[in-house]
Enquirer: 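Handing you a structure now.
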Protein chains: 2
Amino acid sequence: MHDDKTPITVAFQGEHGAYSEAAGLSHFGKAVRTIPCETFDAVFAAVETSASDYGLVPIENSLAGSIHRNYDLLLRHQLSIIGETYLRVQHCLIGFPGTSKEQIREVISHPQALAQCEGYLKSLGASSRAVYDTAGAVRILLEQGDPAVAAIASRQAAKVYNMEILEEEIEDDPSNTTRFLVIARTTVDPSDEAKTSIVFTLHNIPGALFRAMSVFALRDIDLTKIESRPVAGKPWEYLFYIDFAGSTSQQTVKRALENLAEYAEMLRVLGSYPRAKEYNNHQKS
Amino acid sequence: MHDDKTPITVAFQGEHGAYSEAAGLSHFGKAVRTIPCETFDAVFAAVETSASDYGLVPIENSLAGSIHRNYDLLLRHQLSIIGETYLRVQHCLIGFPGTSKEQIREVISHPQALAQCEGYLKSLGASSRAVYDTAGAVRILLEQGDPAVAAIASRQAAKVYNMEILEEEIEDDPSNTTRFLVIARTTVDPSDEAKTSIVFTLHNIPGALFRAMSVFALRDIDLTKIESRPVAGKPWEYLFYIDFAGSTSQQTVKRALENLAEYAEMLRVLGSYPRAKEYNNHQKS
């Protein structure tokens, strides 16, 4: 689909310099063209309509848990997960070149980033203002031109706008890590160590869940994630998210999924993909 | 411990009018005395040091997933869960009496609340500013006295400060529901329909997890929540959160937990408590 001159494209939520973009560049390498999108929905739509080859969305954070919104969008769209990547979220205080953090009277960023640096901001004694994007905060900073204002964003965002990092790793919890998924219109057949993500529903628990899990346990298939989530408005009905080791091209996995389909009310294979380095094997940008 | 004249006390994170306080009042009734705390840690400390009889903390949200921080605090403190309660998060735009939403040029609130009303704020065309608390935003509003500024907070917060609700249910996703836990120094023996919450670790999966689940399945104990979480810095080690129907005073539950202790590396019973109305059976305040 791509000759050597056309770079592959990766859609992400946010502006240039966003953490999702950093995760995309770390996963695909610097040669890709990244496409900023305003919402997660827009990322899925960009991939679905071929406006982008791939999409990159956060799926779980070590502090905040699973991002149910993106599981919902995975169910709503006919796209596949073809990869995963982990990013340690390292927030920077970014200001105009030549300024120091003592000068800062106001800090702007995305609400989540402000919340994750709450302790730091208190000690800084600066007020905070919410904007719709971390990288966008750096752009606003540049546009407004006030040296007493700083932004919280990624190291990449400072580079994009030629601004200065006044302080690094200002997040209150240094274990803050986000797992991202790569989505595409086609599936892949991972030859290396693979992982598969599925979503299914069961009517009742535990008989049904125990049987559902037995299809993996009895075939020695390792689970790497299991999570239940109540289905909105349907008491006693649950969605289950399961990730397990192996690919749908393997015979044992095929049989396990056929077996699961007998118990599950709904079963959707979201994709098989190469397994990324373990959670908390952090990469420096 | 309490005579009729001394009301029981309930610590919560935030200022008077916070959603946690609303959940506490809905759970205990209006006669309790609520104690605002700056952080979740402070809520646990208040209960531990007997500064408060009970604490009330959010544990999972229908959009954002489990609040791992409070699971961590449950493990760190020797307190018990003695109750649960669900609250539908209904955000209000709150301004000075006599103002209308067309006049509003800036909206202040907690970063999470601003994020949950992102769509609404865009349509309103107002800028937003982050402060450390939803109810605190209403207090700041009152102190600053600018009628072009509004806050996003609960209906209760408007009441506390005698301010006006300019618009209700402004959250982008109306299914936004938070489950809260009631924590105490002592345990309870729920006579009604009970639920028990446990946390445990297992070295490997799925053999171990399957065996762990079999202790419930083989005794017909219903699971209402299961979630795995990677242990920070320990690849292949997982924390499991499980909620199940029944109380530790029941013989089958006792045996199941004894059985689980044989497989689990660490096992902590967080408490047995009366089961609240199902997720998404929303209450109006």
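Numbered from 1 within each chain, the chains take letters A, B, ... in sequence-line order. Just so it is clear, the structure is predicted and the values come from calculations on it, not from any experiment.
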Enquirer: For B:E38, which atoms come within 4.5 Å of any heavy atom of chain A: side chain, backbone, both, or neither?
Expert: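 Answer is side chain: those atoms of B:E38 sit under 4.5 Å from chain A.
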Enquirer: Holding to salt bridge (charged side-chain N to carboxylate O under 4.0 Å, His left out), I want the full list of residues that pass it with B:D72, two or more places apart in sequence or in another chain.
Expert: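 Counting only residues at least two positions away or on another chain, B:D72 forms a salt bridge (charged side-chain N to carboxylate O under 4.0 Å, His left out) with B:R229.
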Enquirer: Quick one: what part of B:I108 sits under 4.5 Å from any heavy atom of chain A, side chain, backbone, both or neither?
Expert: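 Neither part, no heavy atoms under 4.5 Å.
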Enquirer: Under 6.0 Å between ring centres, would you say that holds for B:F216 and A:F210?
Expert: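 No, too far apart.
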Enquirer: Measuring heavy-atom distances to chain A, does B:S128 have an atom under 4.5 Å in its side chain, in its backbone, in both, or in neither?
Expert: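 Both parts, heavy atoms under 4.5 Å.
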Enquirer: Output the distance between atom NE2 (A:H68) and atom OG (B:S175), rounded to the nearest 0.5 Å.
Expert: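 Answer rounded to 0.5 Å: 10.0 Å.
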Enquirer: With a 4.5 angstrom heavy-atom cut-off, which part of B:T39 approaches chain A: side chain, backbone, both or neither?
Expert: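 When you check distances to chain A, no heavy atom of B:T39 falls under 4.5 Å.
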Enquirer: What is the distance from atom OG of B:S214 to atom CE of A:M213, rounded to the nearest 0.5 Å?
Expert: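 Rounded to the nearest 0.5 Å, the OG-CE separation comes out at 10.0 Å.
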Enquirer: Could you work out, with salt bridge (charged side-chain N to carboxylate O under 4.0 Å, His left out) as the rule, every residue matching A:E106, not counting sequence neighbours?
Expert: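 Expected list: A:R129.
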Enquirer: Starting from the C-alpha separation in whole Å, work towards a yes-or-no answer on side-chain contact (heavy atoms from CB on, under 4.5 Å) for B:I226 and A:E227.
Expert: CA-CA 6 Å; B:I226 179 166; A:E227 185 169 340; over 6 Å; no
